[in-house]
Each structure stands twice: as structure tokens, then as C-alpha cells.
Amino acid sequence: MPELPEVEGVVQALKPKVEGRTIQHVQLSERVHFSFSEGKQCIVKQAEPDAFELTLSEMTITKIERRAKYIFFHLLKDEVPYVLVSHLGMTGAWFVVNSPEDINEAKFQKHIHATFKMADGGYLIYSDIRRFGELRFLAKIEDHIPLTKMAPEPFDELACEFFITKSTLPKYANKAVKEVIMDGQVISGCGNIYATEALFAQKIHPARKMNRISEKRKRALFEEIVAVLRQSIEAGGSTISDYRNINGEAGSMQNRLKMYGKKICPACETATSQMTIGGRTSSFCPNCQH
DNA sequence: GCGAGTTACCGGTGGC
DNA sequence: TGCCACCGGTAACTC
């Protein structure tokens, strides 16, 4: 499950290998084409697969950047800028290879959905086992409303104040703190793993109502989220199930997690509890977190 | 018009 | 061994 640190790793790895290169042509999988004919939008959103393939050919990838858990591929063709927005969903992965056969993990090899043949040889490939990811071609970011509503990057100096202000709004008052910090319009890029870890570190019960948390604790919680995200970026991300970096390597942050996926609290050895908050499984220590 | 709630999108995995 | 419920990030839809 790629979260912000994993996406950051992907972007840092892609940049030197892909920026400045030109796409010769794009080939989407049979599945993508078939789904579209069935009225579904498998991976490629709001575009006809045929048109998507044609449009992207001969575009130059000028810059790649991460925003929350999205990857923005900035493109240029005939001096007109465009952007390809990628979200990895649950199981998406990018590969830069000489040949599609070079993807040696069978699961990813089997689920290749977009193959970008580069003009100078080699391939940029998007593989996605469960197809929860998305590729969205836009003239500009603002053309997709949800992208314009995202909270600032958590590392942005204004992000903490943004969180304090936003989380105080009436609509969040009676919501569980975990649901609020995982809302991309309040804090961007904080998914289940890191929300779980930060709440455990701050000894806050994930179901605690937002309006029952003091501003001081909110600030401490925000700083904790930033710290956990930074630590994970340094560790190459968490490898939970299917995440791989573009070289097919796993990260090591999963070894540093203290609560996510744990049966026993590492602090007090009490059995952990699970509950569903905002539709997601949430682990916590009933003894340490209040 | 906005917010809350629901549904769609999926195949690997773990439990039985 | 085989079946089946479960899992989850985001958008889009309905009410």
C-alpha cells in the first residue's frame, strides 16, 4: 500500500531516469480498453483509452513531482504544457526498464496496464494488480476539482496552522480524530499506516472526537505525523503487501512500525484492539491510548 | 450548493 | 485443496 513516503521514493527514483525524455507511444492493456467498452473507467479516468494513447505520444516529460500521494508528470508538446496525474491506489507501481520482460516479479508482470515506449529506447511501465490506481490526463491541475482541495504538503510550514484551523470547523467536531487526520482536505498524505503510528506515539485513542483534543495536543499530533512520515521516507517507505520501488525493491519502514498490524502493544504488552473508523480498520492499544 | 452517506473499482490473501 | 469473505484510497454518485 503506497502512502506518501512510498510515493516520494517512487518520484525520487523516477526523476533521474525519466525527466527530459520523450514518449514515443503509449499502449494501454486489453483490460483497460475492454473496461472502457463496458462503461467502466479502469485506471484511465475521464478519457477514451484510444485518445489517451494518441494524445500522450510525442510528449516530453519535463518534470516529475509528488503532491500528497499523487505523482504529477509534467508534459510538453508543441510548447503547450499538460500534466499526467498518477495515483498508485493500493497496488500500483512504476517501472523503468529496457524491456517489459525485465519486470521480474510475476504479479507485476501480469498486471501491466500502461506501457510508455520512450523515443530514445526503453520503457516506462505502470503495473497495478488490483487496478485501484488511476492515470488522469489534464490540461492543468485545476481541471480536476479534488486536486485543488488538497491540504498543503505536511512539510509545508503553513500546514500545521492549516490543520489547526480546518480541524476546528464544526463539520469535523464530532468526527473521530483518525478519520480527520486521514482526510486529504485536512492533512495531505496521511494514510492508515502513519495515522495509526502517530496516534499511538501520542497516546491518543483513534476514535476520540476531534473537539475533545486540545490545540496543544493537536500540534503535538501534527508534529508526530510529520516525524513519522520523514522517518519513513528515510527508510525507503513501508513494504506492506505489494509496494515496490521502481527497482522492484522493498522498503524497511515496516520494521519500525510500532502499532500498525501489531497484536501486542510494544509499550505495555497489552493485546491491541481493532475497530472500524471511517470505514478503515484501526489498531490501537486500549491501555496506552485514551 | 454543500455535506453526509453509499457505491464502484479489484484480486490476493487468510481463514475455514 | 478449494471456496469465499475481507480489505482499502479515492472519486463519483445519490439524497
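Computation of the quantities below employed the complete heavy-atom set of this structure, encompassing side-chain atoms and omitting hydrogens, waters and symmetry-equivalent molecules. In what follows, every chain begins at residue 1, and chains take the letters A, B, ... in the order their sequences are listed.
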Whether Thr281(A) contacts dG8(C) is assessed here as follows: a side-chain N or O lying under 4.0 Å from the phosphate OP1 or OP2. Is that the case? yes
Check whether Phe200(A) and Val180(A) end up in the same hydrophobic cluster, where Ile, Leu, Val, Met, Phe, Trp and Tyr are linked by side-chain heavy atoms less than 4.5 Å apart. no
Please collect all side chain to side chain donor-acceptor pair (under 3.5 Å) contacts where either partner lies in residues 147-165 of chain A, sequence neighbours excluded, each pair once. Arg66(A)-Glu153(A), Arg67(A)-Glu153(A), Glu161(A)-Arg219(A)
side-chain N/O Lys69(A) vs dT10(C) OP1/OP2, d < 4.0 Å: yes
Taking the side chain of Arg280(A) as its heavy atoms from C-beta onward, which of dG9(C), dA11(C), dA4(B) lies nearest to it? dG9(C)
Between CD of Glu38(A) and P of dC10(B) the distance, given in whole Å, is 10 Å
Roughly how many Å is it from CD1 in Ile71(A) to C1' in dT10(C), rounded to a whole number? 15 Å
For Met90(A) and dT13(B), what is the distance between atoms CE and P respectively, to the nearest whole Å? 12 Å
Is Arg130(A) side chain donor-acceptor paired with the dC7(C) base, going by distance under 3.5 Å alone? yes
Heavy atoms under 4.0 Å, any strand shown: does Lys40(A) hit a base, just sugar-phosphate, or nothing? sugar-phosphate
So Tyr172(A), base contact, sugar-phosphate only, or nothing? Heavy-atom distance under 4.0 Å. nothing
Atom NZ of Lys149(A) to atom C1' of dG9(C): distance rounded to whole Å? 17 Å
Establish, yes or no, whether a centroid distance under 6.0 Å links the rings of Trp94(A) and Phe116(A). yes
Rounded to whole Å, CZ of Arg31(A) lies from P of dC9(B) at a distance of 11 Å
Considering only dG12(B), dA11(C), dC10(B), which nucleotide approaches the side chain of Cys42(A) most closely? dC10(B)
Could you work out which one of dG9(C), dG8(C), dA4(B) sits closest to the side chain of Lys171(A)? dA4(B)
Option passing ring pair (Phe, Tyr, Trp, His ring centres under 6.0 Å) with Tyr82(A) (candidates Phe73(A), Phe52(A), Phe137(A)): Phe137(A)
First encountered from the 5' end of DNA chain B, between His111(A) and Gly39(A): Gly39(A)
Aromatic ring of Phe132(A) stacked on base six-ring of dC10(B), 5.5 Å, 30°: no
What is the distance, to the nearest angstrom, from the CE atom on Met150(A) to the C1' atom on dT10(C)? 12 Å
Would you indicate what Gln185(A) reaches in the nucleic acid, counting non-hydrogen atoms under 4.0 angstrom: base, sugar-phosphate, or nothing? nothing
What is the nucleic acid contact for Gln41(A), judged by heavy atoms within less than 4.0 Å: base, sugar-phosphate only, or nothing? nothing
Decide, yes or no, whether a salt bridge links Lys140(A) with Glu142(A) under the criterion of side-chain N to carboxylate O below 4.0 Å. no
With a cutoff of under 4.5 Å between side-chain heavy atoms, which Ile, Leu, Val, Met, Phe, Trp and Tyr residues group with Met150(A)? Tyr70(A), Phe72(A), Val83(A), Val85(A), Leu138(A), Ile141(A), Leu147(A)
In whole angstrom, what separates Asp128(A)'s CG from dT10(C)'s P? 13 Å
dG9(C), OP1 or OP2 - any side-chain N/O from Tyr194(A) closer than 4.0 Å? no
Rounded to the nearest Å, what distance is computed from the CD atom of residue Glu179(A) to the C1' atom of nucleotide dT10(C)? 14 Å
Whichever of Glu3(A) and Arg136(A) has the more 5' nearest nucleotide on DNA chain C, that residue is Glu3(A)
